[in-house]
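Keep in mind the model is a prediction, meaning the values are calculated, not measured. Residue numbers begin at 1 in each chain, while the letters A, B, ... track the order of the sequences.
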Amino acid sequence: MIEIKHLYKSYEKPVLKDVNLSVRRGSIMGLLGPNGAGKTTIISILIGVTRKESGSITIGGLDLDRELKTIQSKCSYVPQNLAFYPRLTAFENLEYFGALWGLKGKKLKERMEFCIDIGSMQTFANKRVDKFSGGMKRRLNLAIGLLNDPEILYLDEPTVGVDTQSRNYILETIRKINRERKATIIYTSHYMDEIEQVSDEIAVIDEGKIIFHDDKQSILTRDDNVFGHRTLEELFLKLTNTSLRDEN
Amino acid sequence: MIKIHYILKKEFLLIGRDIHAVAVLFIMPAFFILIMSLAMRDLFELHSSVNIEVLAVNRDTGKSSGAFLKAMEKLRTFRFHLIDKDTVTERIKEQMLSRDYKFALIVKENFSSFVENKGKGKDEKPLELLVNPTVNVQTQLLLKSALDERVAKLRWDAFIDLIGRLPFFTGIDKGKLKSAENSPVLVNYVYKGGQRFKIPSAVQQSVPAWLVFSMFFIVLPLSNTFISERGQGTFMRLKSMNVSKFSLIMGKMVPYLLINAIQVIIMIAIGVYVVPLCGGATLTLGNSLGGLILISASVSFSAISVALLIAASARTTEQASTIGGIMNIIFGAIGGIMVPKFVMPGFMQDLANISPMSWGLEGFLDILLRNGSVFDVIPESLSLFIFGVVMLTMTVIILRRQKEV
C-alpha cells in the first residue's frame, strides 16, 4: 500500500537519511521513535505538506509526486495538536472541514452524523468546543479526520493528554475504523502499550533512519536472545539507547 | 463557491463569538465617533464658522442698548439670550455655568447715557463681560473687539447726530460721516498647490477618521485566528486536504473585506442617525456611492494585507497584538486620525502623507466632505492598493520561507 524507498530530507541538517519502509494495505503500523527522530517529517511528506529531497514514494500504486491530489483525496491526517476552532461547536467544525473536503448536501450531513456517532458526541455536538474536556476534544480531532472516509489515516499521537476512558475509546475507534472500513493506518505514539494494543506492525525510527520494522506478533514472541527484551518498551530502549533526546 | 460560503460562515462565527474582536472592530470606533463628534464640535466649528452664544442682561432703559444688541446679532457671529433685567450678578454667574454659556454680557443702566455722552453715568463703563476661563483668548478677543467696535460706532453716530446741522454749513455730507455698515476688508483664501480645501465639521472628521482606524484594527482578530491555525496545526491539516494556497489567502481576505464593509455601513449610519440625536451635526454623504465603495475597498485591502503580514511575521498572538496595536496608533497619530491634518503645522502635514491611514482618510473626505467622484479618489485608492500588494507579496515570501504555503 505505502512504499517508501531511499527517502532523504534535510532542513538545516539531515532529518531523514535513506528511509525505506513499506506498509501493507489494511494494516495498522505503529511508528515509534524518540523526539526529533523524524516521525512527523515522514508523515508531513506522506500527506504532501512537505517536499522530499530525494527518494520515491508510492501510495496505492500511485506516485506521490505525480498524483498528489488524488492521493490526498484518499488520505486523512489527524495532527498531534487539536487542529480545529475552539470557538465553534463540534457540529460547526465538522461542517466546515467537511465542506473543505468538497462534501455537500446529503453526503455532508451523512458523514457528519457518522463522525458524531463515532466520536460519541451526540449530546454535545452543538456545544462550543472550548467548553469540552480534553478527551472530548481528542475525539473531535479524530472525528474530523474521518470526514472523507479515508483509505489511509495518519494519526500523530492521537491520545496525548486524555483520561483512560477516552484513550480506550479512541483506540477502540481506530481498531473499528481499520476493521470495518479497511483503512490503512500509520500511528505514532510515545505510549508503548498503545502501540502494542492497536498495531499490526511496528517500525522504529531513530536519527532519520528506520532501524527496525516487523510484525507485532513476531516482535513480542521473538526469542529473548536476539534483542534480550521482554516488552516493547525494553526493545525500544535497547534500539534507541537510554540517553535523553532533548530537541534544540 | 460552496467552500467560500463555509469559509465565510466560519470566520463570521469566530469573530461574532470573540467579544474582544467585536469590541475593537465595532464598539470602540462607535464610541470614538460619538465622543469625538460631540466633544470636538465647538472646536471644529471655530474653523468654519463662529457661533458664540452669549447670556445677556439689559438693565438700560434707553434706546441705544436695544439698537446695540440688534446690531451685534446682525454680525451672525453672536446670539444673545436675554434674561430678566433684574437678575443679580451672582445669579447670572450661576446661570452661565449651569447652562454652559461661555460668556455673559451685562448692559448696565448707563449704556444709553454713555453712548449719547450725556446724563448721569456717562463716564462709567457701560458693559460688563463675564467670561468662562476655559474660552480661548482668540474667542475672548473676538467678542471684546466686536463689542468695542459696535459701541464706538454707536457713539460716533450719536456724536454726528449731536452736532446737528453743523456739517451742512461746512459743506460736508452728514451721511458720509456716519460709519459704514460693511467691512472695508476683502478676504481671499490661498490654497496650497491649488487644491480644493474645505474644513470638516467634527462629525465629518470623526466618522472617516475612526472608521479607517478601526478598519486597520482587523489585525487583532485576523492575526489571532491565523496564528492559532498555524500553531494548532490547522494549516497543516488544511494543506493535507489539498486546500490551495490561493484558497488559504482568499479564505482570510474575503471574510475580512466583508467585515470591513459592515464597519463602513455601521459607522456611517452612526454619523447620519445617532450623532444628530446626541446633539451633533449630521454626517453628509456626498454624491458618489461608487467612490465610497472604491475607497472603502482600497482601505480594506490595504488593512487586510498589513494584518496578514503581521500575522505571518509574529510567532504569538501577543506579539501580533502588540506590533499591530503600536503600528496602528503610530499610523493614526501621524495620519491625521487623532489630530486633524489641517491643524498640524506644515511639516507634520507633509509627514502625514507617509501613513496609509492618511490616504484612506483623505479619500473618505473627498467623498463625504468635498462631494468628490470616483475619479477624485483614484489617487488615494491606487496608493492603498499598491501598498496592499507590497504587503501581500511580503506575506507570501515570509510564509514560503516558513513553509506554510
Give, for atom [atom1] of [X] and atom [atom2] of [Y], the distance between the pair rounded to the nearest 0.5 Å.
X       : Y       : atom1 : atom2 : value
R87(A)  : I15(B)  : CZ    : CD1   : 8.5 Å
M236(B) : D156(A) : CE    : CG    : 7.5 Å
N242(B) : I71(A)  : CG    : CD1   : 11.0 Å
R17(B)  : E92(A)  : CZ    : CD    : 4.0 Å
Y85(A)  : E11(B)  : OH    : CD    : 7.0 Å

Which heavy-atom pair separates P79(A) from G233(B) by the least distance, and what is that distance?
CG-O, 4.1 Å
What heavy-atom pair brings Y77(A) and S240(B) nearest, and what distance separates the two atoms?
CB-OG, 3.8 Å
Would you say T234(B) and F97(A) make side-chain contact, with heavy atoms under 4.5 Å?
yes
Just so I know, are the side chains of Y96(A) and K9(B) near enough to count as touching, which here means a heavy-atom distance under 4.5 Å?
no
Which atoms of [X] come close to chain B, meaning under 4.5 Å heavy atom to heavy atom: side chain ones, backbone ones, both, or neither?
X       : result
S44(A)  : both
N141(A) : both
L147(A) : neither
R51(A)  : neither

Does Q72(A) use its side chain to pair, donor to acceptor, with the backbone of K239(B) at less than 3.5 Å?
yes
Heavy-atom neighbours of [X] [atom1] exceed 12 at 6.0 Å:
X       : atom1 : result
F31(B)  : CZ    : no
I19(B)  : CD1   : no
R25(A)  : CZ    : no
F387(B) : CZ    : yes

Side chains of N81(A) and R237(B): any donor to acceptor distance under 3.5 Å?
no
Note: vs chain B, highest number of non-hydrogen pairs under 4.5 angstrom among N93(A), I144(A), N148(A) is I144(A)
